[in-house]
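Scroll down for the structure; my scribbles are underneath it.
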Amino acid sequence: MTLSVDKGLGNTIAADTQLSFIDGAKGVLEYVGFDIDSLARNSTFEETTWLLWNGRLPIARELADFSKQLQAEYEIDPRMMDVLRSIPRTASPMDALRTLVSALAHFDVEADDPSPAANQRKALRLVAKTPTLIANFNRWRKGKPIVSPDSTLTLAQNFLWMLTGALPTAAMSRALDVCLVLHADHGLNASTFAARVTISTQSDMYSAATSAVGTLKGPLHGGANQEVMEMLLEIGQLDKVDEYIKSKLARKERIMGFGHRVYKAYDPRATYLKTFAKQVASDTGNLPLYEMTRRIEEIVLAQPNIIEKGIFPNVDFYSATTYYSLGLDLDLFTCMFAASRMSGWTGHCIEQLAANKLIRPHADYTGPHGLVYQPVDQRSKPTTSSTSPSVKGTMSVTA
Ligand code: ACO
């Protein structure tokens, strides 16, 4: 067997999928053959989730039934609130979500039932309950009373209702719904890969979703949207953009919300969101923030070699101002991404299990061989550092 090293796995195909297709060179994203732009314009999160899970668009009755099934699962077990209240109020919502998604398993009698039917029900519960977990934690950490889910509302409407305690306008729930559609799936991205690795061991759906939430949290993945907003607030105003971005680039620092492992053309999700974010910002009095993003884009894309390197705005760049315009706290942005991607994660888990093979790549061992074991009382303090990174960074419990 010949093995080749592929750090970051950028040249490795590790799964077959029928959920989404990406052409990174041309900037194309399709869910089950439907262009993302047409779904963002015409579909809803409920319909898109059904599409991802069933491989076709639902007929009206199927969509109505599915929406009702989701609504019936918005509520969480009351004992989940004990778990939630045991999390420090200072915890980041993504950390809290990781704990809470994991805890859902304790209150689902089907948690360890591996049958396809039970897995589909768990997927539905995860998608329906994730907004409730996020909203409840957010209100609890702020000392506000919990707002129970309203099972007459769509998932996006209900999410905003539980977060704010007020019924959102049609424009607000549409804005969130569009973001949910755009983030629902994206090939074998890092968090989906984590979910598939976990489920490939024949672990359970909640464990896979927990792995995925933890993976999404990182700033190189889902955490970038929050960092984009922090950057905009730090810059503060349009006439400070040029100096801030140019000096960041001169220091060879990355601009958050730009670049993508797969897209070397404009991220198609950003194409739609760019126009949409402008409207949402304008409706909510946040146009100056949007104008700052446009200026940042102009400066970054004017840099020498940047287009040759395939650096363009990604979905996080324009979702940041959209979430901000909806009045969401910055540290909830990545949670919004998680609430949406839950549909993709669970869809991928079901797909993985349908033709499962344990995902277990190799590591290229770069450490020493043939060392002679010395009893602990005969070891002297090393004088030279080893070439092995794990040895160089020796752990100390007293440090
Ligand atoms: N700003 C400036 N330059 C960048 C950026 C950026 N955001 N991203 C990549 N580059 C440059 C690198 O400096 C590098 O230049 P060099 O060849 O001169 O050294 C080149 O582009 C390639 O960079 P890599 O890190 O090799 O590209 P990779 O595909 O591994 O990285 C990543 C992709 C991690 C997303 C990267 O573009 C990045 O850090 N972006 C900022 C974080 C971000 O926005 N993440 C969200 C991704 S989208 C999502 O998860 C929904």
Side-chain angles (χ1 to χ4, degrees), residues 5-12 19-20 22-25 27-29 31 36 40 94 178-195 212-232 234-235 241 244-274 277 293 295-323 330 333-345 348:
V5 176
D6 180 16
K7 284 191 182 162
L9 303 182
N11 295 308
T12 297
L19 274 79
S20 57
I22 305 168
D23 184 333
V28 172
L29 169 62
Y31 295 166
I36 193 63
M94 273 303 274
V178 165
C179 289
L180 294 174
V181 168
L182 289 173
H183 287 85
D185 195 49
H186 205 232
L188 204 56
N189 59 89
S191 54
T192 300
F193 183 58
V213 173
T215 308
L216 184 72
K217 176 187 157 185
L220 296 190
H221 190 8
N225 52 15
Q226 180 178 340
E227 300 216 7
V228 169
M229 200 61 231
E230 283 165 357
M231 173 177 74
L232 291 172
E234 193 184 328
I235 299 172
V241 166
Y244 181 96
I245 295 296
K246 283 177 185 166
S247 57
K248 216 170 163 53
L249 288 167
R251 292 194 301 273
K252 304 249 176 261
E253 286 175 19
R254 289 180 182 219
I255 310 299
M256 286 294 133
F258 282 81
H260 196 278
R261 172 57 63 80
V262 179
Y263 293 119
K264 299 304 166 198
Y266 213 98
D267 181 335
R269 300 165 298 175
T271 311
Y272 181 71
L273 212 46
K274 186 166 152 178
T293 56
R295 182 65 194 141
I296 294 172
E297 179 176 340
E298 276 170 19
I299 299 170
V300 173
L301 297 192
Q303 296 305 302
N305 299 328
I306 209 89
I307 290 177
E308 290 71 16
K309 284 186 202 169
I311 308 294
F312 293 92
N314 58 50
V315 67
D316 284 333
F317 192 60
Y318 286 105
S319 64
T321 48
T322 308
Y323 292 142
L330 270 52
F333 288 13
T334 312
C335 292
M336 298 293 144
F337 192 158
S340 165
R341 189 58 57 84
M342 192 60 82
S343 60
W345 292 332
H348 275 268

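We count ligands from 1, going down the list as the structure has it; atoms in each ligand are counted the same way.
- In terms of polar-atom proximity, defined here as any N/O pair under 3.5 Å, Arg254 does make such a contact with ligand 1.
- Within ligand 1, the atoms closer than 4.0 Å to a non-hydrogen atom of Val315 are 51 (C), numbered from 1 in the order shown.
- Not a single donor-acceptor pair under 3.5 Å links the side chain of Asn305 to the backbone N or O of Glu308.
- Within the 4.0 Å heavy-atom shell around ligand 1 one does not find Phe317.
- Ring orientation note: the planes of Tyr263 and His186 are tilted relative to one another, at an angle of 30° to 60°.
- Here His260 has heavy atoms under 4.0 Å from ligand 1 in both its backbone and its side chain.
- Ranking protein heavy atoms by distance to atom 19 (O) of ligand 1, first place goes to Lys309 NZ, 5.0 Å.
- With a 4.5 Å cut-off on side-chain heavy atoms, Met229 and Phe333 count as touching.
- Checked by distance only, ligand 1 and Phe337 stay at 3.5 Å or farther apart across all their nitrogen or oxygen atoms.
- The distance criterion of under 3.5 Å between nitrogen or oxygen atoms is not met by Glu253 with respect to ligand 1.
- Atom numbering of ligand 1 starts at 1 in the shown order; those under 4.0 Å from a heavy atom of Leu220 are 39 (O), 45 (N), 46 (C), 47 (C).
- Note that atom 27 (O) of ligand 1 has no protein non-hydrogen atoms nearby, at separations under 4.0 angstrom.
- Nearest to atom 35 (C) of ligand 1 among the protein's heavy atoms is Gly259 O, 3.8 Å.
- At under 3.5 Å, a nitrogen or oxygen of Phe258, whether backbone or side chain, sits near a nitrogen or oxygen of ligand 1.
- Taking every heavy atom of Asn314 and a limit of under 4.0 angstrom, the matching atoms of ligand 1 come to 43 (C), 44 (O), 46 (C), 47 (C), 48 (S).
- When hydrogens are left out, the protein atom nearest atom 33 (C) of ligand 1 is Arg261 N, 3.7 Å; that is the closest non-hydrogen contact.
- Of the candidates Val262, Leu182, Ile311, Ile311 brings a heavy atom nearest to atom 4 (C) of ligand 1.
- Near His221, meaning under 4.0 Å from one of its heavy atoms, ligand 1 places the atoms 46 (C), 49 (C), 50 (O).
- Looking at Leu249 next to ligand 1, no N or O pair under 3.5 Å apart turns up.
- For ligand 1, the polar-atom distance check finds no N/O of Arg269 at less than 3.5 Å from any of the ligand's N/O atoms.
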